[in-house]
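This report concerns only the one structure given below.
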Amino acid sequence: MQSVLRENLLNVLAGKEEGLIPVLSVTQTATNGLMETTGAFWPQAHSSAFQMAELSLAAHTIGGLEAIRYPFCLTVLAEALGCEIDLGTINKPPEVISHPFAEKEEKPDIPPDLYNRARVPVVLETTRRLKNLAPDVPLIAGMEGPATLVYHIIGAQNYLKWALFKPETFKMYIREATCICEGYAELLFEAGADVICLDDTVAGPETLDCLLFETLIKPSYQHFTHSIEGPVVMHMCGNTTAILSSLANCGFKGIGIEENVSVAEAKSQIGSRTILIGNISTTNTLLYSTPDEVEEEAFKCLEEGVDILAPGCGLAPETPVVNIRAMEQARDKYLNDFE
């Protein structure tokens with residue numbers, strides 16, 4: 001089975017109908033149970049290529065997910081650009097606590113050695129390690145999208161204020177961030193990643209008006225997907241229903257949705273332009289429910305037409321491993337019922 005996982009996922013992302021519905025996560029996968037099993041713990045695993053590789057691999061070997069997704073946060077590029085990062089605890093992911101460009105409305109100075117700074121080399125080394133450890137398992141490299149990167153380096157207040165009242169300044173920052181993200185994505189593919197997942201929740205309708213998304217964000221996504229030679233998927237938390245049709249025109253090979261988005265409505269919005277990823281509840285179901293309840297929700301997702309069965313968001317560290325495994329088991333049972 002493992003020998004066909006990579007080929008199967010790439011075929012699904014290419015829109016080919018043959019093959020198995022993958023069960024994986026395009027968002028973070030580390031849990032306390034996997035940390036205890038591997039000996040690779042947060043926060044150390046955010047800064048160690050060895051621990052990051054071991055912990056992310058465990059979500060496949062122990063959790064049964066059919067891809068390896070890493071790293072475990074959306075602060076890697078922000079730190080390289082000078083943001084101060086609180087690396088968190090065993091139960092708390094890293095977060096940005098300073099915004100070095102908050103007072104700079106002119107074009108930001110980008111360090112020439114950007115991709116050699118902070119934890120960027122750690123993630124690239126993790127990619128190479130994972131490629132050697134599991135060459136037939138698809139590697140999904142997660143990264144902050146352009147909007148999230150801008151949000152981090154200028155701060156939430158400026159992000160919203162400039163989008164509304166200084167759109168040209170906002171666009172300039174988004175263009176710079178898009179270029180940075182593209183360069184990082186190319187390095188990840190060169191190191192061995194199979195898929196890039198942009199996570200850009202702050203670009204969604206729960207933060208930005210849909211018209212602002214169209215004028216300020218969408219062009220950057222189209223530029224990104226057309227500039228990168230490799231499959232790129234998008235994940236946004238929150239209710240993204242209002243922009244799903246627009247996202248489907250951005251060139252992403254897949255779109256990940258949270259549980260508060262109707263799968264049926266999402267399918268009607270995107271049609272055949274891209275594939276749908278999701279959307280088992282990470283809190284109500286995977287964190288707090290039983291494997292039987294995970295199976296029930298997985299069946300519902302599959303019946304409504306998800307192309308890839310996945311959590312609707314990043315796994316909470318306290319998520320039981322048995323519930324992660326229940327997703328793959330539910331997929332197998334669902335398909336067997338139709339044979």
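Below, each value reflects all heavy atoms present in this structure, side chains not excepted, and no hydrogens, waters or symmetry copies. By convention here, the first residue in the shown sequence is residue 1.
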ask   = Would you say the side chain of Thr27 lies within less than 4.5 Å of the side chain of Asp199, judging by non-hydrogen atoms?
value = yes
query = Got a salt bridge between Asp109 and Lys104, using NZ or NE/NH1/NH2 to carboxylate O under 4.0 Å?
reply = no
request  = Check for a donor-acceptor pair, side chain of Ser220 on one end and backbone N or O of Leu216 on the other, with a separation under 3.5 Å.
outcome  = no
request  = Indicate yes or no: does Glu297 engage Lys300 in a salt bridge with an N to O separation below 4.0 Å.
outcome  = no
message = Does this structure show an ion pair linking Arg128 with Glu125, if we count only N-O contacts that are shorter than 4.0 Å?
response = yes
query = Hey, what else clusters with Leu13 if you join Ile, Leu, Val, Met, Phe, Trp, Tyr whenever side-chain heavy atoms sit under 4.5 Å?
reply = Leu9, Leu10, Val12, Leu24, Val26, Ile140, Val195, Val233, Ile275, Ile277, Ile308
key: For His99 against Tyr151, the heavy-atom pair lying closest together   = ND1-O, 4.2 Å
ask   = Say you draw a straight line from CZ of Phe224 to SG of Cys179; how long is it, rounded to the nearest 0.5 Å?
value = 11.0 Å
query = Is Leu57 linked to Ile62 within one hydrophobic cluster, defined over Ile, Leu, Val, Met, Phe, Trp and Tyr using a side-chain heavy-atom separation of less than 4.5 Å?
reply = yes
Heavy-atom pair with the smallest gap, counting every atom of Pro146 and Leu198 = CD-CD1, 4.3 Å
ask   = Do the side chains of Ile110 and Ile154 join up, straight or via other hydrophobic residues, at under 4.5 Å, putting them in one cluster?
value = yes
inquiry  = I'd like to check Pro22 versus Arg331 (side-chain heavy atoms, cut-off strictly below 4.5 Å). Are they in contact?
reply    = no
request  = Return yes when atom OH of Tyr115 has more than 12 non-hydrogen atoms of other residues, nucleotides or ligands closer than 6.0 Å, and no otherwise.
outcome  = yes
ask   = Among the clusters formed by ILVMFWY side chains lying less than 4.5 Å apart, do Val96 and Leu81 turn up in the same one?
value = no
query = What's the shortest heavy-atom distance between Asn323 and Leu286, and which atoms?
reply = ND2-O, 2.9 Å
query = Checking side chain to side chain donor-acceptor pair (under 3.5 Å) for the pair Thr38/Glu54: CA distance, chi angles, key distance, verdict?
reply = CA-CA 7 Å; Thr38 61; Glu54 291 296 310; over 6 Å; no
query = side-chain contact (heavy atoms from CB on, under 4.5 Å) between Ile257 and Glu265: does it pass, once the steps are laid out?
reply = CA-CA 11 Å; Ile257 58 171; Glu265 177 62 24; over 6 Å; no
message = I want to check something: taking the side chain as every heavy atom from C-beta on, are Phe101 and Cys83 in contact at a cut-off of under 4.5 Å?
response = no
query = At what distance, to the nearest 0.5 angstrom, does NE2 of His60 lie from CD of Glu328?
reply = 9.0 Å
request  = Take Leu55 and Tyr70 through the test side-chain contact (heavy atoms from CB on, under 4.5 Å) and record every step on the way to the result.
outcome  = CA-CA 9 Å; Leu55 184 53; Tyr70 63 98; over 6 Å; no
request  = Look only at the side chain of Glu144 and the backbone of Ala78, and say whether a donor-acceptor pair between them is shorter than 3.5 Å.
outcome  = yes
remark   = Closest non-hydrogen atoms of Ala185 and Met143, given as atom of the first, atom of the second and distance, are CB-SD, 4.2 Å
query = Any sub-3.5 Å donor-acceptor pair from Thr201's side-chain atoms to Cys237's backbone N or O?
reply = yes
Donor-acceptor contact present, side-chain Thr215 to main-chain Leu211, <3.5 Å = yes
request  = Report the distance from atom CG of Asp200 to atom CE of Met236, rounding to the nearest 0.5 Å.
outcome  = 5.5 Å
ask   = Heavy-atom distance under 4.5 Å between the side chains of Thr282 and Thr319, does that happen here?
value = no
Neighbour count above 12 (heavy atom, 6.0 Å) for Glu214 CD = yes
Donor-acceptor contact present, side-chain Ser245 to main-chain Ile270, <3.5 Å = no
query = Does the side chain of Val150 reach to within under 4.5 Å of the side chain of Trp162, using non-hydrogen atoms?
reply = no
query = Are Ile97 and Ile85 connected in the hydrophobic side-chain network, where two residues link if heavy atoms are under 4.5 Å apart?
reply = no
task = Kindly indicate whether the side chain of Lys333, heavy atoms from C-beta on, has any atom under 4.5 Å from the side chain of Phe299.
result = yes
task = Could you walk me through whether Val321 and Leu34 pass side-chain contact (heavy atoms from CB on, under 4.5 Å), step by step?
result = CA-CA 7 Å; Val321 174; Leu34 297 177; 4.0 Å; yes
key: With Phe252 via ring pair (Phe, Tyr, Trp, His ring centres under 6.0 Å) - residues at least two apart   = Tyr221
ask   = Which one of Glu259, Glu293, Glu258 satisfies the side-chain hydrogen bond (donor to acceptor under 3.5 Å, both in side chains) criterion with Ser281?
value = Glu259
request  = Identify the two heavy atoms, one from Val322 and one from Pro291, that lie closest to each other, and give their separation to 0.1 Å.
outcome  = CG2-CG, 3.8 Å
ask   = How long is the span from the NE2 atom in His235 to the CD atom in Gln28, to the nearest 0.5 Å?
value = 11.5 Å
ask   = Nearest heavy-atom pair of Lys218 and Cys250: which atoms, and what distance?
value = CG-SG, 3.6 Å
task = State whether Glu304 and Lys267 are salt-bridged, where the test is any N-O pair (Lys NZ or Arg NE/NH1/NH2 against Asp/Glu carboxylate O) under 4.0 Å.
result = no
query = Do Val76 and Val120 come within less than 4.5 Å of each other through their side chains, counting heavy atoms only?
reply = yes
request  = Verify the distance criterion only: is there a donor paired with an acceptor across the side chains of Thr241 and Asn239 at less than 3.5 Å?
outcome  = yes
query = Does a side-chain heavy-atom distance below 4.5 Å link Leu208 with Tyr159?
reply = yes
request  = Say whether, by atom type as modelled, one donor and one acceptor occur between the side chain of Asn8 and the main chain of Leu20 under 3.5 angstrom.
outcome  = yes
inquiry  = My understanding is that only residues two or more places apart in sequence, or in another chain, count here; which of them pass side-chain contact (heavy atoms from CB on, under 4.5 Å) with Lys131?
reply    = Arg6, Leu139, Asp194
ask   = Out of curiosity, does Leu114 fall in the hydrophobic cluster containing Leu74 (side-chain heavy atoms, cut-off under 4.5 Å, transitive links)?
value = no
request  = Keeping the roles fixed (side chain from Arg69, backbone from Ser56), state whether a donor-acceptor pair exists under 3.5 Å.
outcome  = no
task = Give, for atom NZ of Lys253 and atom SG of Cys197, the distance between the pair rounded to the nearest 0.5 Å.
result = 15.0 Å
task = Could you please spell out the steps behind the side-chain contact (heavy atoms from CB on, under 4.5 Å) verdict for Glu229 and Phe189?
result = CA-CA 8 Å; Glu229 293 187 9; Phe189 276 126; over 6 Å; no
request  = Could you tell me whether a side-chain N or O of Gln51 sits under 3.5 Å from a main-chain N or O of Phe41, the two making a donor and an acceptor?
outcome  = yes
request  = Can you establish whether the number of heavy atoms outside Gln157 located under 6.0 Å from its atom CD is more than 12?
outcome  = no
remark   = One should read off an interatomic distance between Met327 CE and Glu295 CD, to the nearest 0.5 angstrom, of 13.0 Å
